[in-house]
Amino acid sequence: MRVRAVLVVSVLAVALSGCASEERSPAEQAVTRFYAAVHDRDGSRACSLLTPEAADGLSVGGQSCAKTVLELDLPGGQVREAAVWGDEAQVRLTRDTVFLHRFPRGWLVRGAGCRPRGDLPYRCEVRS
Amino acid sequence: MRRFVKDNALSLFFLVTFLIALAGQSVAGTADANDRRLADGGATISWSQYVTSSDFAVDVAENWQSEYLQFLLFILATVWLVQRGSPESKKPGEEGGESDAEQRTGRHATPGSPEWARATGLRQTLYGNSLGLVMGTIFVLSWLAQSVAGTASYNEQQLSQLQDPVSWGGYVMSPDFWDRTLQNWQSELLAVLSMVVLSVYLRQRGSPESKPVGAPHGETAAEG
């Protein structure tokens, strides 16, 4: 979240107003593009929408990210809601929860196929 | 100009050192934030992005609120509580808000008294408590700013760790909020305690915060 000034009152006013709504769309669109690539069986395109670390994590045992990503259990679904805080976002789908990070070139997926574990971090099929 | 600087040297000294420290915090904070972002597999940010981030805001606000609370408590507690031998305290027996004559208010105002000290009723009450009211207001606003910016900063961290974000209400009940708050409060309260007690027995020649070097330990409210 971008707070517009360091003065306390300004911090308060802007922090209250800047919490997430205007940037939901780009994050949701990134998730939609990722799942469209998975649905189209286009592994290369899906991997290009992952963070570098997440893509590296799927390049294991001599198998490419493009192949591995299509073998994972990524349930997807319709976008229900999104939360954006600073350069991090969480997009909830009907059957999945996706985490993203904002890079200079846009939002990239850092976690997908995620299942909640109470107070512990989500367990994700794709994660950086 | 030279006269202005000399007459306001104390304020100018703290203003300049405050700005230098704030600038230093912003540079060090940017480097620290980028270390963490790289470790989390994220992208780095610029100095200007960092100083407009909730991370910077919460770090600034949490220190501001505790400093203003420290002075607010010191201002109010010294109205009613004394410490024998301390130059920071009134003499024992003088506890309380004192009379109009002692405070030079209302009809006891002198020619140089502020206009609102000469007034009666609400205006005098407001002016008579204006220092505490302003310090208290800044404390409350800073603490509120800490909670709001802290919510944003905490949620960004939560999401980077693949955890759910929380509401503002959830954040102000969280260990993170109270850890940030209380670690600042305890240090400020210890500093005031140290000042009150040490100034009974120790001296700083020439400082109005100290008793004169030769003043007895038991002498209260004497300033050197």
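By convention in this document, chain letters (A, B, ...) are assigned in the order of the sequence lines, proteins followed by strands, and residues within each chain are numbered from 1.
- For the pair A:His101 (side chain) and B:Ala43 (backbone), a donor-acceptor distance under 3.5 Å is present.
- If you measure heavy-atom distances from A:Leu100 to chain B, you find no contacts under 4.5 Å at all.
- From B:Asp40, atom CG reaches atom CD of A:Glu53 across 8.5 Å, with rounding to the nearest 0.5 Å.
- Within the 4.5 angstrom heavy-atom criterion, no atom of A:Ala54 approaches chain B.
- Of the atoms belonging to B:Asp55, not a single heavy atom falls under 4.5 Å from chain A.
- With B:Gln163 contributing its side chain and A:Asp119 its backbone, the two residues share a donor-acceptor pair below 3.5 Å.
- Neither the backbone nor the side chain of A:Asp56 comes within less than 4.5 Å of any heavy atom of chain B.
- Residue B:Thr151 holds its OG1 atom at 6.5 Å from CH2 of A:Trp85, rounded to the nearest 0.5 Å.
- Contact annotation: the side chain of B:Ser160 approaches that of A:Arg110 to within less than 4.5 Å [non-hydrogen atoms, C-beta and beyond].
- More than 12 heavy atoms of other residues, nucleotides or ligands sit less than 6.0 Å from atom CZ of B:Arg123.
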Item checked: Candidate pair B:Asp164 and A:Arg92, rule side chain to side chain contact (heavy atoms under 4.5 Å, CB included), full reasoning -> CA-CA 11 Å; B:Asp164 287 326; A:Arg92 291 184 184 278; 2.9 Å; yes
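- The environment of OH in B:Tyr127 is sparse: at most 12 heavy-atom neighbours from other residues, nucleotides or ligands sit within 6.0 Å.
- Here the closest non-hydrogen pair linking B:Leu159 and A:Phe99 is O-CD2, 3.6 Å.
- In this structure, B:Leu162 CG and A:Cys124 SG are separated by 4.5 Å, a value rounded to the nearest 0.5 Å.
- In this structure, B:Tyr68 places its OH atom where only 12 or fewer heavy-atom neighbours from other residues, nucleotides or ligands lie under 6.0 Å away.
- Within a 6.0 Å radius of CH2 in B:Trp185, more than 12 heavy atoms belonging to other residues, nucleotides or ligands are found.
- Using a cutoff of 4.0 Å between basic side-chain nitrogens and carboxylate oxygens, B:Arg37 and A:Asp87 are scored as salt-bridged.
- For chain B, no part of A:Arg105 is nearby; none of its heavy atoms comes within less than 4.5 Å.
- Atom CZ of B:Arg104 has 12 or fewer heavy atoms from other residues, nucleotides or ligands within 6.0 Å.
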